[in-house]
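Below, each value reflects all heavy atoms present in this structure, side chains not excepted, and no hydrogens, waters or symmetry copies. Within every chain, numbering begins at 1; the chains are lettered A, B, ... in the order of the sequence lines, protein sequences first and strands thereafter.
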Amino acid sequence: MRLSRYYLPVLKETPSDAQIASHRLMLRAGMIRQQGAGIYAWLPLGFRVLKKIEQIVREEQDRAGAVEMLMPTIQSADLWRESGRYDAYGKEMLRITDRADREMLFGPTNEEMITEIFRAGVRSYKDLPKMLYHIQWKFRDEIRPRFGVMRGREFLMKDAYSFDIDEDAARKSYYKMFVAYLRTFARMGLKSIPMRADTGPIGGDLSHEFIVLAETGESAVFCDRGLIDMAVPAKDTDFDSDLKPVIDQFTSLYAATEEKHDETEFTAKVAVSDRISARGIEVGHIFFFGEKYSKPMRAVVAGPDGAEIPVQMGSYGVGVSRLVGAIIEACHDKAGCKWPMAIAPFHVGLINLRAGDEACDAACEKIYAALEAAGVDVLYDETAARPGEKFARMDLVGAPYQITIGPRGLESGEAEVKRREDGEKSSVAFAEVAAMIADRVKAALEYA
RNA sequence: CGGGGCGUAGCGCAGCCUGGUAGCGCAUCUGGUUUGGGACCAGAGGGCCGCAAGUUCGAAUCUUGCCGCCCCGACCA
C-alpha cells in the first residue's frame with residue numbers, strides 16, 4: 001500500500017479523552033474514530049488488524065470442529081420471552097421497535113437464537129454433537145463504556161455454541177474450545193491464562209475466563225507463575241483425541257480472578273516466589289450451562305430409548321474487537337504499537353527518505369514490488385514529508401520491520417533495516433534486503 | 001444510575017470570574033530556504049464559541065432548560 005493513497009489520519013497530539021495506552025495509540029495511529037459513547041468506526045489501519053484477528057479466531061474454531069454461520073444483529077423480543085431473559089436482561093439490552101410497533105432488540109448475545117435454530121433442525125441424539133459459531137457485532141448498552149474498544153457498547157465477538165446429549169459429551173466439547181482458545185491467543189502473540197470463573201446457578205468446574213495480563217486490565221487476578229510458561233497445544237492437535245490431560249495440566253495450577261479468588265488457597269498452594277497478583281484483560285470466556293435454554297425453549301432430541309431429552313449446551317465467547325486493544329496493551333512503547341507479525345496491519349514499513357529523487361524512488365519501487373510479490377504486506381511511505389516525521393509515523397503504525405532507503409545508504413548500496421520490537425538496526429545490501437525481509441516475515445508467520 | 005468535570009478551528013488549549021461578536025500552539029494551503037529522528041522564514045485559509053430560550057443597547061462570557069462526551073463508583077465479551 002502506498003501511503004499517499006491510504007487513509008491514515010495520524011495525530012501528533014493525544015486526544016484528551018484517551019486514558020489508556022491502547023485507546024490513545026488507536027486514536028493517534030488513525031485506527032479508529034469515535035462516533036458516540038462506546039461506538040467506534042474502524043478506519044483502514046484498525047480494520048486490517050481486526051480482520052487478521054478475526055481470521056485467526058476463525059481458523060482455530062474450524063480446526064476445533066466448530067462450524068461457521070452468521071446470525072443477524074437484530075432479534076425479536078418474542079424469542080427472548082421464551083427463555084425469560086427479555087425482562088431479566090435489563091437496560092443493557094438495546095430495545096427497538098419497528099414500523100409495525102413490533103418489539104425488537106439489538107442482540108447482546110445469541111443463545112436464544114442459536115437454540116431456536118438448532119431445535120428446528122435436530123431431532124435425534126444421532127445428530128449430536130454439534131458446535132456452531134459466528135462472528136458478529138453485538139451491542140450492550142453498558143452503563144459506562146470506557147477504554148476505547150476494550151469496553152465499547154458495540155463490539156465484535158465470536159460466539160460458539162455446543163450441543164451435546166449429556167454432560168459427559170458436553171465436557172468434551174468444552175475441552176475442545178479450551179484448547180482452541182489457548183491456541184488462538186498464542187497465535188496472536190498473547191499469553192493467555194485460563195482462570196476459573198463463576199459458573200452461576202449450575203455449578204461445577206466448567207467455566208473459565210481467558211485472561212491476558214496487562215497493567216491496565218480491568219480485573220485483579222491471581223495465579224501461579226508456572227502458567228505463564230506452559231506450552232500451548234500444537235497445531236496438529238487431534239481435537240477428537242482425549243484432551244483431558246491438557247485441561248488438567250492447565251487447571252492444575254492456581255489461577256483465579258478477583259471474584260473467585262481464595263487467598264487462603266492461594267497462599268497454601270502457591271509458593272511465594274510463584275505468586276502473581278496482577279491485573280488482567282478478559283479476552284475469552286467459556287461456559288457450560290446445561291439445559292438453561294434448551295429446557296424452556298424445548299430444544300430436545302430423542303435419546304436411544306426414544307424419550308425426549310433437552311440438549312446440554314455451552315457457549316464460548318471471544319472479544320474480537322477487544323483483542324485489538326488487548327494486544328496493544330501488551331505490545332507497545334512510547335512511540336507506538338509493536339505488532340506481533342501474525343496480526344500486524346502491515347508486516348513492513350518502507351520509508352523513502354527522499355521521495356522525488358530518482359535513485360531513491362527507483363530503489364524503493366524495486367523493493368516494494370519484490371515484497372508485494374512475495375506476499376508481504378507493505379506500507380510504502382513515498383510522501384514528501386521530512387525524515388523525522390516519517391520515522392515517527394512508522395513507529396506509531398508499528399510494523400514489525402522498517403526498511404529505510406535514503407541517499408546516504410544508497411551510495412554504499414545498503415538499506416537500513418529496523419526491527420520495531422527492540423529497535424535493533426542493521427545495514428543490509430540493497431540487492432538482498434527484499435528477499436531477506438520476506439523470509440523473516442514468512443518465518444514469523446509460521447506458527448506452532 | 002449516583003458523584004465530579006468538560007463542550008471555543010482538524011488536534012491540544014486560553015478567553016468566561018469582572019458582557020463590547022474570538023485568540024495561541026500544532027496541523028492545513030502558497031512561495032522560498034531546507035532535508036537520516038516530528039525544520040526555518042514570509043504570507044494565507046479555516047469558528048451559527050454544543051443547541052434552545054431568557055436577561056441586556058450588546059452574550060463565548062450571566063440565567064434556565066436540553067443534548068453530547070469524559071473521569072470515579074456499582075455492572076460487564
Taking OP1 and OP2 of [N], is either one under 4.0 Å from a side-chain nitrogen or oxygen of [X]?
X: A:Gln34; N: B:C70; result: yes
X: A:Lys91; N: B:C1; result: yes
X: A:Arg28; N: B:G38; result: no
X: A:Arg386; N: B:A39; result: yes

pi-stack flag for A:Phe155 and B:A77, centroid dist under 5.5 Å, interplanar under 30°: yes

Take atom [atom1] in [N] and the same atom in [M], then report the distance between them in whole Å.
N: B:G2; M: B:G20; atom1: P; value: 37 Å
N: B:U8; M: B:G15; atom1: C1'; value: 9 Å
N: B:C16; M: B:U21; atom1: C1'; value: 15 Å
N: B:C71; M: B:U30; atom1: C1'; value: 43 Å

Nearest-Å distance for atom pair CG/C1', residues A:Leu11 and B:U28: 14 Å

So what does [X] touch, heavy atoms closer than 4.0 Å: a base, only the sugar-phosphate, or nothing?
X: A:Gly406; answer: base
X: A:Gly423; answer: nothing
X: A:Ala37; answer: sugar-phosphate
X: A:Ser321; answer: nothing

Greater than 12 external heavy atoms within 6.0 Å of A:Lys91's NZ: no

In terms of side-chain heavy atoms of [X], which of [options] is nearest?
X: A:Glu13; options: B:C1, B:C11, B:A77; value: B:C11
X: A:Arg33; options: B:C11, B:C76, B:C69; value: B:C11
X: A:Ile143; options: B:G73, B:C26, B:C70; value: B:G73
X: A:Arg322; options: B:C76, B:G36, B:C11; value: B:C76
X: A:Phe391; options: B:G36, B:C76, B:G73; value: B:G36
X: A:Arg146; options: B:C75, B:C76, B:G37; value: B:C75
X: A:Arg140; options: B:C11, B:G37, B:C76; value: B:C76

Polar side-chain contact A:Glu389-B:G37 base: donor and acceptor under 3.5 Å: no

Test ring-ring contact (aromatic ring centres under 6.0 Å, His included) applied to A:Phe163 and A:Phe288, A:Phe118, A:Tyr293, A:Phe289, the passing residue: A:Phe118

Test log, rule side chain to side chain contact (heavy atoms under 4.5 Å, CB included), inputs A:Met31 and A:Trp42: CA-CA 6 Å; A:Met31 294 177 69; A:Trp42 292 78; 5.5 Å; no

A:Tyr89 and A:Trp80 aromatic ring geometry - parallel, tilted or perpendicular at 30°/60° bounds: perpendicular

With sequence neighbours excluded, residues passing side chain to side chain contact (heavy atoms under 4.5 Å, CB included) with A:Glu358: none

